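Worksheet for the structure shown next.
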Amino acid sequence: MFSSYGSDMRFIILRLADITESGYLYNSIIQAAQDNVAATIDNVEIVTVPSDWGTIDGQHYNTYTIDEVGKRMFDKLQLR
């Protein structure tokens, strides 16, 4: 995909929420990797996903959350 669009191709990483509960042992490792990718590779932007965003069943985001993620992604792409 990148080679088709060249260096103008933009990427968004949805950064994992800050969850410290047991069962989320690798969150901080994944977040650090996401931050490293965004800092090292051109045209990569991070959009943070807050831990308190609403879900329908604890895993699938509700309509408000999906709408908010879309707005944050759009805003991030417009700033660059």
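In this text, all values refer to a predicted model and were calculated from it rather than measured experimentally. The residues of the chain are indexed from 1 along the displayed sequence.
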SB check D67 K71 (cutoff 4.0 Å) | yes
Just jot down the side chain to side chain contact (heavy atoms under 4.5 Å, CB included) partners of I30, sequence neighbours excluded, or say none.
-> L16, Y26, Q34
Who are the side chain to side chain contact (heavy atoms under 4.5 Å, CB included) partners of N62, not counting sequence neighbours?
-> I56, Y64, T65
Counting N and O atoms only, with roles assigned by atom type, does the side chain of R10 sit under 3.5 Å from a partner on the main chain of V44, one being a donor and the other an acceptor?
-> no
Not counting sequence neighbours, which residues clear side-chain hydrogen bond (donor to acceptor under 3.5 Å, both in side chains) with T40? List them please.
-> N36
Given side-chain contact (heavy atoms from CB on, under 4.5 Å), test K76 with R72 step by step and report yes or no.
-> CA-CA 6 Å; K76 183 65 78 167; R72 286 180 178 215; over 6 Å; no
Distance col, row Q31:CD vs T48:OG1, nearest 0.5 angstrom, shows 8.5 Å
